[in-house]
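First the structure, which I've put down as structure tokens, then a few questions once you've had a look.
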Amino acid sequence: MNVSHPSVHPVEVAPLPPADGRVAVPPRVRMKVIQGMPGTIGGLSLRFFQFAYAVVSLAVMASTNDFPSVTAFCYLVAAVALQSMWSLSLAILDIHALLVGRTLQNYRVVSLFSIGDGVTSTLTFAAACASAGITVLIGNDLGLCSQNHCKQFETATAMAFLSWFTALPSFLLNFWSLSSR
């Protein structure tokens with residue numbers, strides 16, 4: 001006998017229609033709230049670490065005086081600046097949702113978060129990869145670390161990778177919740 005069980009498909013039981021003849025609205029299935037999604041403590045912590053790593057990468061790269069001479073480093077500065085602004089704005093939104101006691105599981109909100117996280121994480125990853133390549137070229141292949149700020153470049157690149165590494169779960173969770181709707 002093929003019968004759907006509530007443990008397999010958790011759907012609320014529809015109430016009986018009203019006696020006055022109005023049509024009852026069927027209940028909606030809600031998305032599961034998973035830590036790391038918008039409006040949760042896990043999501044706020046991911047946003048905080050994204051922001052922190054991006055700001056450290058930006059500060060370390062901006063503290064050198066010769067980063068504007070390399071296009072990949074300029075791209076890294078632009079990408080982590082965008083990542084830090086995006087993460088800070090969403091962290092503020094997460095804090096507001098936690099203080100008010102609301103979840104951010106609206107379809108439009110989740111799609112905006114998913115698109116924004118996808119774009120910023122892709123830009124951050126591409127910039128970190130380009131900067132890592134230039135850093136290896138300067139340090140290992142050309143041997144010019146005595147004339148450049150190799151340690152600062154390596155630190156900024158590592159922080160950009162860490163920012164991407166914490167942005168990726170946010171994107172994947174938002175995309176998953178969007179596609180499982």
Side-chain angles (χ1 to χ4, degrees), residues 28-135 149 151-181:
R28 299 183 73 189
V29 178
R30 295 207 173 261
M31 289 192 274
K32 292 181 182 178
V33 176
I34 299 172
Q35 287 300 321
M37 295 176 93
T40 62
I41 296 289
L44 179 61
S45 63
L46 282 174
R47 297 293 176 195
F48 172 74
F49 285 114
Q50 292 168 19
F51 174 72
Y53 290 137
V55 165
V56 169
S57 177
L58 180 65
V60 169
M61 189 60 81
S63 69
T64 64
N65 58 358
D66 57 348
F67 88 87
S69 62
V70 179
T71 306
F73 296 154
C74 293
Y75 178 45
L76 179 71
V77 168
V80 295
L82 178 66
Q83 178 70 48
S84 64
M85 288 185 294
W86 175 255
S87 298
L88 179 64
S89 62
L90 292 187
I92 291 170
L93 193 59
D94 281 342
I95 289 170
H96 174 70
L98 287 170
L99 291 176
V100 172
R102 294 215 169 177
T103 59
L104 298 173
Q105 298 304 317
N106 185 331
Y107 179 77
R108 289 187 177 134
V109 171
V110 173
S111 62
L112 175 72
F113 284 8
S114 181
I115 291 169
D117 283 340
V119 168
T120 57
S121 65
T122 302
L123 290 174
T124 302
F125 181 68
C129 288
S131 296
I134 296 299
T135 303
H149 301 96
K151 294 297 179 191
Q152 288 92 343
F153 295 154
E154 290 170 356
T155 303
T157 302
M159 291 295 124
F161 274 116
L162 287 174
S163 180
W164 168 76
F165 190 69
T166 55
L168 188 62
S170 297
F171 167 68
L172 292 176
L173 284 170
N174 288 329
F175 188 70
W176 175 71
S177 69
L178 189 63
S179 64
S180 67
R181 202 170 144 86

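The structure displayed is predicted, hence computed values, not measured ones. Note: hydrogens, waters and symmetry copies are ignored here, and every other heavy atom, side chains too, is used.
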Minimum side-chain heavy-atom gap Leu93-Pro38 below 4.5 Å: no
Closer than 3.5 angstrom, by distance alone: can the side chain of Asp94 be matched with the main-chain N or O of Gly39 as a donor-acceptor pair? yes
Give the minimum heavy-atom separation between Ser45 and Gly42, together with the two atoms involved. OG-O, 2.8 Å
Could you give me the CA-CA distance, side-chain angles and deciding distance for Phe125 and Phe161, then say whether side-chain contact (heavy atoms from CB on, under 4.5 Å) is met? CA-CA 7 Å; Phe125 181 68; Phe161 274 116; 3.8 Å; yes
Apply ring pair (Phe, Tyr, Trp, His ring centres under 6.0 Å) to Phe175 and list each qualifying residue two or more places apart in sequence or on a separate chain. Phe171
Could you check Ile115, Val109, Val110 and say which one makes a side chain to side chain contact (heavy atoms under 4.5 Å, CB included) with Phe113? Val109
Taken to the nearest 0.5 Å, the spacing of Ile92 CD1 from Phe51 CZ works out to 8.5 Å
Where do Thr166 and Tyr53 come nearest, in terms of heavy atoms and distance? CG2-CE1, 4.0 Å
Might you point out which heavy atoms bring Ala79 and Thr124 nearest each other, and give the distance in Å? O-OG1, 4.0 Å
Could you go through Leu44 and Thr40, starting from their C-alpha distance and side-chain angles, then the distance that decides it, and tell me whether this counts as side-chain contact (heavy atoms from CB on, under 4.5 Å)? CA-CA 6 Å; Leu44 179 61; Thr40 62; over 6 Å; no
Spacing of CG belonging to Leu162 relative to OG1 belonging to Thr157, to within rounding of 0.5 Å: 11.0 Å
Contact list for residues 56-69, test side-chain hydrogen bond (donor to acceptor under 3.5 Å, both in side chains), sequence neighbours left out: Asp66-His149
Measure the spacing between CZ of Phe153 and CZ of Phe67 and express it to the nearest 0.5 Å. 9.0 Å
Between Ser131 (side chain) and Ala128 (backbone), is there a donor-acceptor pair under 3.5 Å? no
Is the number of heavy atoms from other residues, nucleotides or ligands within 6.0 Å of OH (Tyr75) greater than 12? yes
Decide side-chain contact (heavy atoms from CB on, under 4.5 Å) for Trp176 and Leu172; before the verdict, give the C-alpha distance in whole Å, the side-chain angles of both, and the deciding distance to 0.1 Å. CA-CA 6 Å; Trp176 175 71; Leu172 292 176; over 6 Å; no
Partner residues of Asp117 under the salt bridge (charged side-chain N to carboxylate O under 4.0 Å, His left out) criterion, sequence neighbours left out: Arg47
Would you say the side chain of Met61 lies within less than 4.5 Å of the side chain of Leu76, judging by non-hydrogen atoms? yes
Examine distances only and state if a side-chain atom of Thr155 and a backbone atom of Lys151 form a donor-acceptor pair shorter than 3.5 Å. yes
Any donor-acceptor pair under 3.5 Å linking the side chain of Ser163 with the backbone of Gln50? yes
Could you give the distance from CG (Leu46) to CG (Leu90), rounded to the nearest 0.5 Å? 11.5 Å
